[in-house]
2 protein chains.
Amino acid sequence: MTDDDYPNTRRFLQGRSREALTPREKAVLEGLVVRTERFTGPHVILERGAVLQQSTILIEGFVARVIHADGKRHIVALHVPGDFVDLHAFALKRLDHDVVSIGTVQIGYAPHERIEEVLRTEPNLARMLWYSTLLDAAMHREWIMKLESLSADGRLAHLVAELWRRLDFVDLATSAGFPLPLTQQELSDACGTTSVHMNRVVRKLREAGVVDISRGQVTVLDAQALWTLGSFDSAYLYGKGPLKLT
Amino acid sequence: MTDDDYPNTRRFLQGRSREALTPREKAVLEGLVVRTERFTGPHVILERGAVLQQSTILIEGFVARVIHADGKRHIVALHVPGDFVDLHAFALKRLDHDVVSIGTVQIGYAPHERIEEVLRTEPNLARMLWYSTLLDAAMHREWIMKLESLSADGRLAHLVAELWRRLDFVDLATSAGFPLPLTQQELSDACGTTSVHMNRVVRKLREAGVVDISRGQVTVLDAQALWTLGSFDSAYLYGKGPLKLT
DNA sequence: CGATACGTTGATCCATTTCAAGATTGGTGG
DNA sequence: CCACCAATCTTGAAATGGATCAACGTATCG
């Protein structure tokens with residue numbers, strides 16, 4: 001039984017608590033996904049206020065959670081493969097934000113009736129689903145901290161450091177860096193700056209030899225400097241073990 | 001059977017989904033709390049990294065969740081009576097932030113073994129516990145939005161508007177305002193500004209006739225102006241019905 | 001090959017920080 | 001009851017990070 005047997009959910013909590021799942025539980029989890037879909041380019045997958053009958057797991061690519069205020073887009077969370085994007089919609093029913101694809105994505109749909117079933121019959125798995133929403137909240141808190149305390153350089157460094165580590169969990173990063181199809185506009189939406197200023201910050205970090213972000217690719221030039229600049233301590237990601245980074 | 005029969009938990013999800021609980025479930029919930037405790041003044045109730053055997057519900061007063069970075073305090077969440085402060089510690093085990101009392105507080109402790117029991121035997125209540133952590137996450141997202149998009153005036157207005165509504169849910173606010181024992185330093189820690197600037201912003205909002213914050217009391221002078229300034233739309237609080245505000 | 005999105009640059013303006021000092025308040029012990 | 005202390009609040013002046021406005025360069029793609 002290898003990971004390939006769980007094509008849609010094999011990255012769920014990978015590097016976190018996935019090891020605590022039995023093969024049977026992994027199979028049940030995989031069985032949650034009844035249908036997958038692909039999107040390319042910026043595409044609103046789910047709209048704020050929508051009442052959902054299913055939740056969405058990200059299989060490939062990146063999606064953002066977006067809140068609109070006074071005509072501006074604000075990215076309040078980013079998701080990497082393996083993340084349940086809107087599991088909270090199961091309990092909250094209404095979405096309080098949009099879900100937007102970034103680049104090419106593949107997502108899977110898990111009908112709420114099946115989740116319901118799992119909650120009833122699979123206490124261990126149910127715990128994991130809850131756990132994954134709590135990890136989201138922990139990341140939210142870290143974003144709040146970073147927005148309250150860091151300048152634009154630090155915010156970008158923190159964002160890159162976080163994504164690097166999260167992608168490392170799911171084997172999508174190397175010690176060199178990782179692919180990231182975010183525009184500078186989107187980076188600025190996630191850091192609370194203007195895109196003009198973000199452009200200067202991106203250049204500054206490149207010229208300072210910290211990190212190079214260009215052509216959809218992040219190249220980490222100096223990991224230590226990146227972490228320092230972003231006040232990054234990965235404890236809040238609740239990962240097991242050190243960076244893998246091949 | 002009145003609310004007085006649940007002295008420690010009667011405000012849990014009050015104004016949100018509490019009505020969906022049966023009297024029996026309310027009694028089970030109340031039974032989670034084995035011990036209560038009081039603290040006065042700024043006091044660190046729980047420390048980051050602590051491994052907890054119990055979770056904490058706030059019965060009276062205010063507590064803040066605090067993350068320290070480069071020597072500064074950052075408030076990443078505020079809690080009002082009825083909130084489970086660290087239910088996430090049940091699943092995450094380690095706390096990723098401190099929990100600090102503000103003014104005089106009373107808290108109740110719910111041992112994890114009892115929560116475990118509830119998860120096993122009370123599916124409806126279990127759903128509510130999860131739900132309450134999802135509400136926390138929704139508030140986190142709104143804070144991220146406010147920090148990304150609003151200037152200091154707006155951030156303070158948003159904070160006040162949110163607390164006003166949350167305290168209204170639990171019958172601790174009136175149309176005039178509510179008690180709030182936060183210092184300007186703490187207000188600034190929650191809005192990501194310096195205390196010096198917060199002082200000027202507090203005065204500005206008072207002189208503009210929007211809201212008066214002084215001597216531990218918030219007096220709302222112009223609710224509409226407050227909501228506009230803070231881009232406040234309470235949908236993310238998932239409340240039932242309109243403001244009660246007597 | 002023109003359209004359209006994305007990235008880059010410069011100049012100006014303003015919100016906020018920083019540093020520094022003083023005023024007010026509440027609480028405590030003599 | 002007063003004197004004193006520490007925390008909190010207040011104010012001013014100078015420095016700055018980032019926003020804003022406006023233009024131009026450069027990919028990319030039907």
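FYI, side chains are in, hydrogens and waters are out, and symmetry mates aren't considered; it's all heavy atoms of this structure. Below, read A as the first sequence line, B as the second, and so on, with proteins coming before strands; counting in each chain starts at 1.
- Rounded to an integer number of Å, the gap from A:Leu150 CG to D:dG18 P is 10 Å.
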Report each atom pair, protein N/O against N/O of nucleotides 10-14 of chain C, whose distance is under 3.5 angstrom.
from: C:dG10; atom 1: N7; to: A:Arg200; atom 2: NH1; distance (Å): 3.2
from: C:dG10; atom 1: O6; to: A:Arg200; atom 2: NH2; distance (Å): 3.3
from: C:dA11; atom 1: N6; to: A:Arg200; atom 2: NH2; distance (Å): 3.1

- Task: Using the side-chain hydrogen bond (donor to acceptor under 3.5 Å, both in side chains) rule, take B:Ser231 and A:Asp70 through it: C-alpha gap first, then chi angles, then the decisive distance, then the call.
- Result: CA-CA 8 Å; B:Ser231 297; A:Asp70 26 86; 3.1 Å; yes
- Task: Walk me through it: do B:His88 and B:His97 pass the test side-chain hydrogen bond (donor to acceptor under 3.5 Å, both in side chains)?
- Result: CA-CA 11 Å; B:His88 56 300; B:His97 52 73; 3.0 Å; yes
Side-chain polar contacts of residues 102-110 of chain B - donor-acceptor pairs under 3.5 angstrom, sequence neighbours left out - could you list them?
from: B:Gln106; atom 1: NE2; to: B:Thr36; atom 2: OG1; distance (Å): 3.4
from: B:Tyr109; atom 1: OH; to: B:Glu37; atom 2: OE1; distance (Å): 2.9

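- In this structure, NE2 of A:His43 is placed 18 Å from C1' of C:dA5, rounded to the nearest angstrom.
- Remark: P of D:dG25 and CD of A:Gln184 are 18 Å apart, rounded to the nearest angstrom.
- Straight-line distance from the CD atom of A:Glu186 to the P atom of C:dA5: 13 Å, rounded to whole Å.
- In this structure, A:Asn199 reaches the C:dT8 phosphate: one of its side-chain N or O atoms is under 4.0 Å from OP1 or OP2.
- Relative to the side chain of A:Thr183, the nucleotides D:dT10, C:dC6, D:dG18 differ in distance, and C:dC6 lies closest.
- In this structure, A:Leu205 atom CG and D:dG17 atom P are separated by 14 Å, rounded to whole Å.
- Note: B:Met139 CE to B:Leu78 CG = 10.5 Å, rounded to the nearest 0.5 Å.
- Counting only residues at least two apart or on different chains, the salt bridge (charged side-chain N to carboxylate O under 4.0 Å, His left out) pairs with a member in residues 39-66 of chain A are A:Arg38-A:Glu60, A:Arg48-B:Asp233, A:Arg65-A:Asp136.
- In the set C:dT17, D:dG18, C:dG7, C:dT17 carries the atom at the smallest distance from any side-chain atom of B:His197.
- One can place CZ of A:Arg155 at 13 Å from C1' of D:dA19, the figure rounded to the nearest angstrom.
- At whole-Å resolution of the value, CD in A:Gln185 and C1' in D:dA19 are 14 Å apart.
- Using a 4.5 Å heavy-atom cutoff, the side chains of B:Asp98 and B:His68 are in contact.
- With a 4.5 Å cut-off on side-chain heavy atoms, A:Val220 and A:Trp164 count as touching.
- Scanning residues 209-219 of chain A for heavy-atom distances under 4.0 Å to DNA chain D yields an empty list.
- Nucleic acid contact class of A:Thr194 (heavy atoms, under 4.0 Å, all strands): base.
- Screening A:Val218, A:Val201, A:Leu182 for a side chain to side chain contact (heavy atoms under 4.5 Å, CB included) with A:Ile213, the sole residue that qualifies is A:Val218.
- With rounding to the nearest 0.5 Å, the separation of CZ in B:Arg200 from OG1 in B:Thr194 is 7.5 Å.
- Legend: residues meeting side-chain contact (heavy atoms from CB on, under 4.5 Å) with A:Thr228, ordered by chain and number and at least two apart, are A:Gln224.
- To the nearest angstrom, C1' of D:dT8 lies 14 Å from CG of B:Leu182.
- The shortest non-hydrogen separation linking B:Arg94 to B:Val51 is CG-CG2, 4.1 Å.
- In terms of heavy atoms, B:Ile75 sits closest to B:Ala64 at CG2-CB, 4.0 Å.
- Residue contacts for A:Gly154: at a heavy-atom cut-off of 4.0 Å it reaches no nucleic acid atom on any strand shown.
- In DNA chain D, consecutive stretches of 3 or more Watson-Crick or G-U wobble pairs with both distances under 3.5 Å are given as paired ranges: C:1-6 with D:25-30, C:8-21 with D:10-23, C:23-30 with D:1-8.
- At a threshold of 4.0 angstrom between heavy atoms, the contacts of B:Thr193 are confined to the sugar-phosphate backbone, with no base atom among them.
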